[in-house]
Asker: 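Take a look at the following structure, please.
As the structure lists them, so they are numbered: ligands from 1, and atoms in each ligand from 1. All values below come from the heavy atoms of this structure, side chains included, with hydrogens, waters and symmetry mates left out.
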Amino acid sequence: MTEKTNPEFVSDFFACNVFSDQVMRERLPKNVYKSVQRTRQLGTPLNPEIADVVANAMKDWAIEKGATHYTHWFQPMTGVTAEKHDAFLSPDGDGGVIMEFSGKELVKGEPDASSFPSGGLRATFEARGYTAWDPTSCAFIKDNSLYIPTAFCSYTGEVLDKKTPLLRSMEVVNEQALRILRLFGNTTATRVTTTVGSEQEYFLIDKGYYDRRDDLIIAGRTLFGAKPPKGQELEDHYYGNIKQRVSAYMKDLDEELWKLGIYAKTKHNEVAPSQHELAPVFTTTNIAADHNQLTMEIMKKTALNHGLVCLLHEKPFEGVNGSGKHNNWSLSSNDGQNLLDPGDTPQNNLQFLTFLCAIIKGVHEYAPLLRLSAASAGNDHRLGANEAPPAVVSVFIGSELEAVLDAVENGKKLKSTANREFEIGVDALPNFPKDTTDRNRTSPFAFTGNKFEFRMLGSSDSISCTNTILNTIVANELCEFADELEKAEDFKKSLKQLLVRTIKEHKQIIFNGNGYSDEWLEEAVNVRGLPNLVTTVDALPEYVKPESVALFEKFKVYTETEIRSRTEILLENYSKVINIEALTMADMSRKKIIPACISYTKSICDAVLSKRTIGIDATVEKKLAQKLSELTAGIVASTEELEKRIAEAQKTEPGLTLSRYYKDEVLPVMETLRAYADEAEMNISEDVWPLPSYIKLLFSVQ
Ligand code: ADP
Ligand code: MG
């Protein structure tokens, strides 16, 4: 099947590989289409006869597009997606085949769950799991298979994936937000969805160099590498003009994403050399999560066609910025409102302020949960390292909006820029600037005009966990607000009291200054008492605290068992990642770096001897040989120490104790080893050094 991919005709091929709403409308009988629509928009269940009709239409469409297989595509706790492919074919009884696909096969699948991380759930519960179709996210075709987005659960109902809790959390926000809308007299909205646009950062490097770096191949980041003479200090890469090879890649990538119905929109160079960003147009959260997973996968695959490798690790290179993912989040109702848009009537403004205050309160009360939603071994290299937001969660709302909250809190009138006075709740808010003039890029949770941008996520993270947590937190606050306001005799009066109280109690979390400064860290922790959970190991235990468990259980997003299993999986993953990195370092050190040091030192010693035989002074060479010998000794000693500690880790109790061991006992030795090796690299000929340098990795793609 050849598709037109001339960019002039984007609209002709956009979503050509998606079983989209339009395709459904064309191919499904009217009543079936309507029923599917109801399911997609309102989350109502689909009846089995309808599922058969949909499955058949999907199969016919997929076969016309060249597909031979279908797969239930799901998101287990590995953080990447999983798939198992089945051909549509069935024997026809005469030695031939018929192409079949039933509603049952569409709706439910039974992959073997036993090899996916379950954090102890399998020990106590059923080993088997099943996948269930998520009809709100469209099926699509990739590599001759029909991909059906699905949720993944165990037979006893425990979630084993990232999609199920996300869908649950979207339901609870919907319910609670509708309660608030009703209080404001809204009778038209029947559904509130959370929307997300996730900006994705990545590095592109030459595959030839990548192939010669075991650390990049195994760990996704450089474990060795001396600093190049130039990093990002000239600030010439951010928004800089896009090099030809990169541009060709980006063009291809856009087209591949568009074919899958992903609204890839913005692309630009990022701060670090060889670093770039892609942002899509926002969409419903679970679709945004699916699309982000697909985007990361297509980014990597497309790079290979260009002789490039796309790195999604949070910190591939020391000394330059790492990569993150900005989770732009808002709430929208199906009567066309963005609930985080201040609006232009007094009624809308009050409604906006109510949602705003609920979010501020939620972030203040549950900051540790948001922090841990972005916790991983990779992201520990960024958060708090003066390039990404600090590990302390705070909310940026900008000075104009802060003045509004201040006026509400103190019952003051508000002066607009036009010098008119406003009273909140009586007049419409003065149109405060929503543009980006005082854009704060150092805040972890920033209001940006009509949405919040959560900036802590790591580039390789799934966005599901963050949004599950964020949705649940916000649902909880909206629920508390609704509980109070629904009982009120005088709605306006009670609302005012509620807002004033909320602002008073929670404005501590609002910070509009420079989040990278030391003064802020000091103030945040010592004056405001905000939690500073520096690493993954500090953050993860917050998950199982009674208040977190109570929150998730109240809204049936997670059971306590599920939270415990997730915490265990995340801790285990942290330890495994560092273990792999440590092993890779030891291996590279023994097989590449130490031999290079020895052979280069020998050649210098040879030079000393030859010079001496003909009576030339060899002081300089001798000094160098001496220095290299010392560095080699340091490398050997720290490699031995690292190996000793890796072995020790095997005897350590798994879970938090083991993760702590890796953080406190293994990571520091890795740093020491690297310091010796990087110093050696600076003193050894490029012809001898076994690894392509940072100069090659960061500056060679033209
Ligand atoms: P910046 O880099 O300045 O933050 P971008 O334009 O790169 O801005 O990214 C902004 C992101 O926010 C885009 O993905 C955009 O679609 C998304 N976005 C805009 N409005 C909303 C909304 N209402 N809900 C969720 N995301 C939104
Ligand atoms: Mg941004």
Asker: Heavy atoms only: which of Arg441, Arg455, Glu199 lies closest to atom 4 (O) of ligand 1?
Answerer: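 Result: the heavy atom closest to atom 4 (O) of ligand 1 is in Glu199.
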Asker: Does Lys251 pair with Glu255 as a salt bridge, N-O distance under 4.0 Å?
Answerer: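 Answer for the salt bridge query: yes.
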Asker: Please determine if Trp329 has a nitrogen or oxygen closer than 3.5 Å to a nitrogen or oxygen of ligand 1.
Answerer: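 No; every N/O pair is 3.5 Å or more apart.
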Asker: With the threshold set at 4.0 Å, does a side-chain nitrogen-carboxylate oxygen contact exist between Asp380 and Lys315?
Answerer: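 Result for this pair is no, no salt bridge flagged.
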Asker: Can you tell me if Lys451 has a non-hydrogen atom under 4.0 Å from ligand 1?
Answerer: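 Within the 4.0 Å threshold, so yes.
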Asker: May I have all residue pairs that pass salt bridge (Lys or Arg N to Asp or Glu O under 4.0 Å) and include part of residues 349-362, sequence neighbours excluded?
Answerer: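 Salt bridge (Lys or Arg N to Asp or Glu O under 4.0 Å) check on residues 349-362 returns Lys361-Glu365, Lys361-Glu477, Lys361-Glu480.
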Asker: With a cutoff of 4.0 Å, is His268 in contact with ligand 1, counting heavy atoms of the residue only?
Answerer: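 Heavy atoms of His268 never come under 4.0 Å of ligand 1.
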Asker: Using a strict 4.0 Å cut-off to heavy atoms of Glu453, name the atoms of ligand 1 that fall inside it.
Answerer: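 Going through ligand 1 atom by atom, the ones under 4.0 Å from Glu453 are 4 (O).
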Asker: When Ser330 is tested against each of Thr194, Asp341, Asn338 for side-chain hydrogen bond (donor to acceptor under 3.5 Å, both in side chains), which residue passes?
Answerer: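 Output: one option passes, namely Asn338.
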Asker: Regarding Lys142 and Glu256, does a basic nitrogen lie under 4.0 Å from an acidic carboxylate oxygen?
Answerer: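 Looking at Lys142 and Glu256, the cut-off is not met.
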Asker: Asn338 heavy atoms, cut-off 4.0 Å: which ligand 1 atoms fall inside?
Answerer: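 Result: 23 (N).
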Asker: Does Ser198 reach ligand 1 with a nitrogen or oxygen that is under 3.5 Å from one of the ligand's nitrogen or oxygen atoms?
Answerer: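 So ligand 1 has no N or O lying under 3.5 Å from an N or O of Ser198.
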Asker: Quick one about Ser460 and Glu314 (side-chain donor to acceptor, distance below 3.5 Å, no hydrogens or angles considered), yes or no?
Answerer: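 Their side chains do contain a donor-acceptor pair, which is all the 3.5 Å distance test asks for.
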Asker: Would you mind listing which atoms of ligand 1 come within a distance below 4.0 Å of any non-hydrogen atom of Val281?
Answerer: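 Atoms satisfying the 4.0 Å criterion: 16 (O).
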Asker: Show the atoms of ligand 1 that are less than 4.0 angstrom away from any heavy atom in Gly197.
Answerer: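 So the atoms of ligand 1 that pass are 14 (O), 25 (C), 26 (N).
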Asker: Among Ser332, Pro280, Ser330, Ala279, whose heavy atom sits nearest atom 14 (O) of ligand 1?
Answerer: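 It is Pro280 whose heavy atom sits nearest to atom 14 (O) of ligand 1.
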Asker: Salt-bridge test for Asp236 and Lys230: reply yes if a basic N is under 4.0 Å from a carboxylate O, no otherwise.
Answerer: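 Salt bridge present between Asp236 and Lys230.
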